[in-house]
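Encoded as structure tokens, the structure appears first; notes follow it.
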Amino acid sequence: MAPLKAEEYPKPYRPYGADIKETRPYSPCRAACPAHTDVQAYVGLIAQGRYNEAFEVITSVNPIASVCSMICHHPCEQACRRCAIDEPLAVRHLKRFAIEKSADYRRNKRRLVEKTKGKSVGIIGSGPSGLTAANDLANFGYNVTIYERHPVLGGMLASAIPPYRLPREVLKEDIDDVTAKGIEVRTNCEIGKDVKLKDLVGKHEAVLIAIGLSQSRSLNIPGAEGPGVMLAIPFLEDVAFDRKPKLGDKVLVIGGGNVAMDVARTARRLGVEDVSMVCLESAEEMPAWKWEVDEAIEEGIRINHRWGPKAVRREGDKVLGLEVVKVKSVFDQSGRFNPSFDNDVTTVLDADTIIITIGQMSDLSFLKDSSVKLDERGRVVWDPATQMSSARGVFVSGEVVTGPGSAIAAVANGHRAAIAVHLFCQGEGIEGRLPDQEKEKISQMPADVAGKIEREPRLAIKHIAPEVRCDSMVHFEIGYDEEEALKEAGRCRACGGGAVVDQKKCMACLTCMRVCPYGAPVVASVSEIRPEYCQACGLCSPECPAQAISMVSYDVREIRNTMHQIIGAIDQKRQEPVIAAFVCTHHVGVFGFDLPKNVRAVPVHCTSRIDILDMLKAFESGADGVAVVRCDNTICKYRGIEHRVSARVGRVKELLGMLKIGSDRVELLPVKSGNGGNPYASVCEDFSGRIKQIGLRQSK
Amino acid sequence: MIIGSQKPIEEIWDMVKDFKKVLVFGCNTCVAVCHAGGEKEAETIASLIRMRAAQEGKAMEVNHMGVMRHCEPEYFDPVLDEVRKYDLVLSTACGVGVNFLSERIGNVPVYPGINTSFYGAVEAPGRFVELCAGCGNCILHLTGGICPVARCSKTLMNGPCGGTNKGKCEVSQEIDCAWYLIVERMKKLGTLDRLSEVLPARNWSTSRDGGPRRVSLEHIREYEEREEKKVEQAGGKKQ
Ligand SMILES: Cc1cc2nc3c(=O)[nH]c(=O)nc-3n(C[C@H](O)[C@H](O)[C@H](O)COP(=O)(O)OP(=O)(O)OC[C@H]3O[C@@H](n4cnc5c(N)ncnc54)[C@H](O)[C@@H]3O)c2cc1C
Ligand code: SF4
Ligand code: SF4
Ligand code: SF4
């Protein structure tokens with residue numbers, strides 16, 4: 001296949017309304033994501049069954065989307081405005097669903113990118129940060145070479161994160177997307193050992209150091225050196241590269257962070273029944289995510305809180321246990337990590353194997369005597385405004401400079417570095433041109449609005465039972481099926497996807513203020529719709545007599561303008577009526593998209609968005625009948641919708657009567673799901689039967 | 001503001017059926033507020049005409065557009081070239097807008113897409129009431145703020161008449177008797193005694209009876225005319 005021209009590939013996917021969104025406060029989920037993934041957009045696309053487009057939205061900013069769909073610590077969820085109502089959206093799990101659904105689509109679109117820049121960039125390290133920069137620079141048209149000391153690409157994702165959380169074939173999908181663009185990959189190549197930094201600087205126009213924090217810190221206590229005591233990263237690397245580490249029968253992990261959880265849970269899966277942990281912090285103070293801790297406890301791992309390691313007890317090569325001392329406090333008055341101990345209280349924790357997991361650091365030995373300066377504490381000197389080190393043309397990104405964080409934060413920093421490298425290679429200034437991390441966001445949901453929204457608990461994520469999952473490294477989390485995913489996606493309040501007023505058109509008629517069930521519009525000289533109140537129901541937009549209101553996401557104009565295509569050519573000899581069915585995607589589950597053949601489904605966020613004009617447009621395009629299929633009142637996601645929607649249908653009936661087309665050709669059909677069968681299909685089928693009785697429309 | 005109401009589609013069809021290229025032109029102020037002729041209604045009417053044309057098998061191009069007001073040239077001037085490309089403009093502005101645009105558009109006919117009903121208020125969403133007749137000589141201070149010209153079916157200056165019936169007008173049970181309202185209101189205000197004074201016969205020449213009316217503000221016109229002259233002398237075009 002001929003490579004696509006760099007200018008035309010990849011077209012960053014822009015969902016409808018993306019440009020308006022840039023000018024307005026972000027939804028908090030998006031603002032919280034370091035890469036600013038437009039969560040609202042892709043969750044909404046999932047709800048409409050548009051999985052490939054959801055994939056595009058996600059991967060437009062995140063080249064390790066598959067990985068993140070499994071292991072991201074999802075700051076988006078912690079920020080979700082739905083927390084004010086009940087529980088956050090299961091954003092990460094929905095991402096997993098969308099990505100799994102679009103697997104074929106994604107594989108088919110892998111393409112070589114033409115190298116138009118005539119310049120080359122060397123990237124050291126293939127973790128999230130290096131990989132992201134490689135991806136972006138390849139898209140810009142540079143020749144990119146990745147140097148990686150491990151035999152495979154992926155950084156910590158490949159060499160440390162255990163496969164029971166991140167199956168390697170998942171990681172491979174992301175890496176294949178990137179390498180397909182035509183990137184030179186040099187694995188088993190350690191800079192400083194196999195190749196000198198100096199040589200890279202001579203060979204490439206720019207070099208990016210993205211080497212992460214690939215060494216474990218050790219503890220300076222008696223007995224720590226010697227057999228039976230290991231460090232976390234070498235242990236995890238052994239597991240990752242199938243080198244079978246030797247463990248005893250009683251493993252004790254020192255540390256209370258997420259990596260410690262991975263180490264302990266991995267040890268369980270290597271056949272050790274007795275795994276325990278010891279950390280300075282109480283259960284509340286532990287840095288590990290609560291869900292990680294809960295899952296570890298389910299797996300029979302014990303945690304000794306508030307003990308500090310003092311000495312490894314050993315008899316020659318044999319470890320007997322760890323002597324620990326009671327912790328008085330972990331943080332000082334000003335909240336800084338500064339543990340204090342009660343030296344009178346000590347104990348010994350039994351163990352024959354100890355794994356130290358107290359943090360990571362970089363191995364910067366290859367930078368000694370190079371032009372890249374280190375500070376007095378041995379860290380790389382860099383300028384966050386340019387991502388450049390002290391050596392011109394040598395850039396840095398990811399955890400080597402930002403310190404420990406998350407994969408997606410390393411991605412975000414990789415994007416920044418790629419822009420910096422690109423500007424540098426084009427001879428342009430960098431300062432002031434790299435994107436800001438902080439974004440203005442929509443504030444939390446006002447209590448009066450939250451009170452008007454139905455409670456609808458999050459769909460639980462299922463796991464393989466602890467008794468079974470500890471027997472192997474098999475991925476322990478079970479994905480949503482389609483019905484579950486559509487349901488969960490429907491819980492999103494579409495923050496930032498709601499109504500916006502074109503203030504040039506608004507003539508302050510007050511209609512929107514009167515119509516809105518949530519008190520979002522305030523009309524002074526013109527209307528202003530407050531995004532923190534707007535629930536994106538869309539009720540106001542069709543009511544505005546000046547057509548001043550559009551919806552940021554799923555504006556029905558997107559549909560109205562393509563109605564001819566949706567309906568398609570009308571066969572004059574057809575036997576069955578052509579029905580246009582506006583279907584609310586909420587609660588439709590898998591059913592909604594599986595309608596009789598003569599029914600053209602038009603999925604809408606809520607039927608409240610449908611205008612008289614949309615129904616007319618369907619008739620104009622030749623439909624014999626128009627059905628507005630909405631959720632029954634008991635399950636409708638919004639309030640106060642039914643009367644307005646039925647008033648609009650009533651008006652269309654009146655207009656069709658005037659035109660002598662027949663007022664019975666349009667109907668509002670409420671549906672209750674959950675009674676077995678496909679209620680959406682059956683109401684459409686019944687309606688279609690009634691239209692057949694009335695007769696098919698003839699055109700002159 | 002001005003209240004309008006839509007014309008039946010058959011009446012519209014009769015007006016437009018012989019044209020090839022029709023623009024339904026909405027006005028986004030008064031008649032939009034009363035959901036008669038704003039951009040949205042313009043689009044609806046355009047759609048109805050297209051469907052009607054399809055029923056007749058007629059090839060017709062029907063589009064819609066809207067501007068803030070049809071009664072001030074600055075609002076439609078920027079789109080006038082575009083508007084002139086049509087064979088017919090069906091304006092959904094009030095009659096003022098239809099007249100005004102018609103004078104300025106050139107050789108394209110401008111037809112009314114709605115009926116202009118009255119000056120009114122928005123009593124409740126979707127309900128509009130006539131409260132003033134624009135008689136040119138206001139007397140609301142004498143009648144408790146309730147207008148007998150607009151709201152008394154017979155425009156009586158010294159009512160009520162014998163047809164008043166439990167607060168309703170003999171013309172229709174739907175109509176409140178304005179003089180009943182006036183009396184009740186003035187009772188409340190403690191000014192009922194003023195009604196013992198008979199209002200003299202009115203001079204209707206300030207109303208429609210004096211022919212078409214015009215208000216000209218000398219202090220503004222004087223300056224404006226000077227400016228217009230200057231532009232004209234410099235070879236510019238007078239608006
Ligand atoms: C056990 C563990 C579990 C984690 N779990 C999660 C999680 O669940 N969710 C999450 O978001 N984040 C998690 N993280 C953090 C995440 O992995 C990091 O944030 C991310 O990998 C940092 O990316 P990076 O590109 O900066 O560096 P790395 O991923 O560390 O990549 C650096 C790469 O550079 C290579 N390298 C180093 N020196 C040289 C050299 N001299 N020459 C050539 N190559 C070199 C290394 O081999 C490595 O491949 C976890 C980390 C660990 C260790
Ligand atoms: S409700 Fe949806 S859009 Fe709003 S914060 Fe949560 S995930 Fe984002
Ligand atoms: S309905 Fe439209 S015109 Fe009326 S106040 Fe709202 S935005 Fe403005
Ligand atoms: S009516 Fe719905 S879409 Fe419009 S402002 Fe209110 S909540 Fe937002």
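Order of the sequence lines fixes the chain letters, A, B, ..., with proteins taken first and strands second; residue numbering starts at 1 for each chain.
Looking only at distances, a side-chain donor or acceptor of B:Gln55 sits under 3.5 Å from a matching main-chain atom of A:Leu659. Put simply, the side chain of B:Thr116 gets close to the backbone of B:Gly95: a donor and an acceptor are under 3.5 Å apart. A donor-acceptor pair is defined here as one N or O able to donate and one able to accept, closer than 3.5 Å; such a pair exists between the side chain of A:Ser541 and the backbone of A:Ile549. When atom types are taken as modelled, the side chain of B:Arg84 and the backbone of B:Ile105 share a donor-acceptor pair closer than 3.5 angstrom. Remark: the backbone N or O of B:Gly136 is not paired with any side-chain donor or acceptor of B:Ser207 at under 3.5 angstrom.
Per-residue heavy-atom pair counts under 4.5 Å with chain A were compared for B:His35, B:Arg50, B:Arg52, and the maximum is reached by B:Arg50. The choice from A:Ile612, A:Leu656, A:Leu510, A:Ile661 that makes the most heavy-atom pairs within less than 4.5 Å of chain B is A:Ile661. Among B:Thr44, B:Val122, B:Val31, B:Thr29, the residue making the largest number of heavy-atom pairs under 4.5 Å with chain A is B:Thr44. Of the listed residues (A:Cys509, A:Ala546, A:Cys506), the greatest number of heavy-atom pairs within a distance under 4.5 Å of chain B belongs to A:Ala546. Of the listed residues (B:Glu39, B:Lys58, B:Glu10), the one with the most heavy-atom contacts under 4.5 Å to chain A is B:Glu39.
Only the backbone of A:Lys504 comes within contact range of chain B, with heavy atoms under 4.5 Å apart. Contacts between B:Val67 and chain A at a heavy-atom distance below 4.5 Å are absent for every atom of the residue. If you measure heavy-atom distances from A:Leu613 to chain B, the contacts under 4.5 Å come from the side chain alone.
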### Task
I would like to know whether B:Glu184 and B:Lys188 meet salt bridge (Lys or Arg N to Asp or Glu O under 4.0 Å); could you show each step before the answer?
CA-CA 6 Å; B:Glu184 289 303 313; B:Lys188 266 207 195 116; over 6 Å; no
